[in-house]
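Labels below follow one simple rule: chain letters A, B, ... track the order of the sequence lines, proteins then strands, and each chain is numbered from 1.
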Amino acid sequence: MFFSDSLKPIYLQIAEWLETEILAGNFAVDEKVYSQYQLAQMYNINPATAARGLNILAEEGILYKKRGLGMFVAPGAMELVRKRRRQDILRQLVVELVGEADRLGVTDAELAGLIAAIRREKEEGQE
Amino acid sequence: MNVIECNELAKSFGKVAALSNLSLAIEPEKITGIIGPNGAGKTTFLKIISGFLAPSAGEIKVFAENPFNSLLVSVNAINLDDSMPLPAAMPLADILDAAGAFYPGWDGGLAKRLLAYFEINPMATYPALSRGKKSTFTSILGIAARCPLTMFDEPTTGMDAAVRKDFYRALLKDYLQHPRTILLSSHLLNEIQDILEDVLLINAGTKVLHQPIAELKEYAVGLRGRAAEVSRLAAASQVIRKESFGKDSIYAVVVRSEGIRERAAAAGVETAPVPAADLCVYLTAGNKGGIDDVFSQN
């Protein structure tokens with residue numbers, strides 16, 4: 001399973017994957033998400049690990065529990081995910097980026113230029 | 001109620017202590033990996049749980065009963081290993097039928113489908129099977145028996161990579177439909193960690209740790225950087241492993257403490273999670289150091 005190749009705990013990977021699904025609009029507000037048993041089956045993992053991933057999202061208010069029915073997408077989930085990812089994941093990626101740029105003596109302007117160039121390539125690729 | 005409880009359990013064979021002072025409890029319907037180096041006592045422990053061996057000292061309860069000579073434990077538990085005394089002259093199909101007559105939860109249809117999938121001839125006899133097929137057959141027996149307590153002792157010995165993968169998937173799928181207490185012994189945590197809930201690490205016959213695998217993965221942190229900085233950081237923590245590399249660099253594994261990542265970042269030291277399998281190796285290596293030490297002495 002591709003999960004094992006990463007050092008990130010599987011339950012965090014599960015949580016992030018569900019967040020990405022929500023961001024992509026694959027789950028609407030008040031829609032039921034996968035159960036811990038479905039996730040265990042899909043990713044070949046222990047259901048307790050899958051439950052841990054679901055519980056993180058419930059604690060953050062991205063999902064809500066209906067007793068005996070499962071977990072559902074909370075209103076405002078997409079905004080919550082976007083906000084938190086900007087704060088945590090994007091920031092961490094930039095910290096690493098800046099670290100490597102410093103080691104290589106790349107200036108902020110050069111870095112911004114590189115980002116703009118990659119964005120152009122991406123846009124051209126989509127056309 | 002716990003499925004297994006033991007208290008200061010010990011087992012000796014003559015002067016050799018296989019288990020000593022082992023105390024723990026296994027909760028129902030969890031998959032626990034019993035991890036430890038060769039000779040750690042994994043097989044002896046499973047044999048005591050299943051009632052094949054009597055302990056030398058201490059107490060063990062399985063389903064609240066002493067497992068030795070217990071019919072209750074025999075009917076509700078199965079222990080699969082490669083030294084199972086399966087009848088040599090009996091076709092495999094007959095062995096499966098006999099298991100069906102004994103175990104109340106037996107699923108004969110599943111056993112037959114698995115046998116066909118893994119291309120094992122039901123008319124073959126057990127000694128005629130290759131090593132990998134022997135392991136596959138006993139694993140099928142273990143899954144189809146649906147015992148409330150199912151123990152696999154190094155189940156994948158001799159299996160090729162594809163069969164291993166299929167076996168773990170089959171076990172997980174059957175567990176999801178029919179939750180039960182499963183003990184899986186292995187010296188390879190990597191291979192089984194995804195399907196585990198708990199890990200019991202044993203070494204030299206006693207418990208090193210017993211905790212959810214998710215906690216084990218966050219138990220320690222790896223520090224890598226300049227020797228002086230890493231040593232200073234490590235001095236404030238419990239060091240599990242330390243090795244030097246490059247001209248002036250050290251890799252140290254320490255027990256995770258509050259704020260260690262921030263302190264490391266401030267000192268220009270890189271931090272990284274420690275894979276659970278590596279951590280188990282480090283925790284059971286004792287004071288003997290690593291294989292590199294053997295070579296550094298000449």
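- Residue A:Tyr11 touches chain B through its side chain alone, counting heavy-atom pairs closer than 4.5 Å.
- A distance-only check finds a donor-acceptor pair linking the side chain of B:Lys207 to the backbone of B:Ser23 [under 3.5 Å].
- With salt bridges taken as basic N to acidic carboxylate O contacts below 4.0 Å, one links A:Glu19 and A:Arg85.
- Only the side chain of B:Pro212 comes within less than 4.5 Å of a heavy atom of chain A; its backbone N, CA, C and O stay farther away.
- Under the 3.5 Å distance criterion, the side-chain polar atoms of A:Asn46 are matched with a main-chain donor or acceptor of B:Ile195.
- Below 30°, between 30° and 60°, or above 60°: for A:Phe72 and A:Tyr64 the angle between ring planes is below 30°, a parallel geometry.
- At a 4.5 Å heavy-atom cutoff, B:Gln177 makes no contact with chain A through either its backbone or its side chain.
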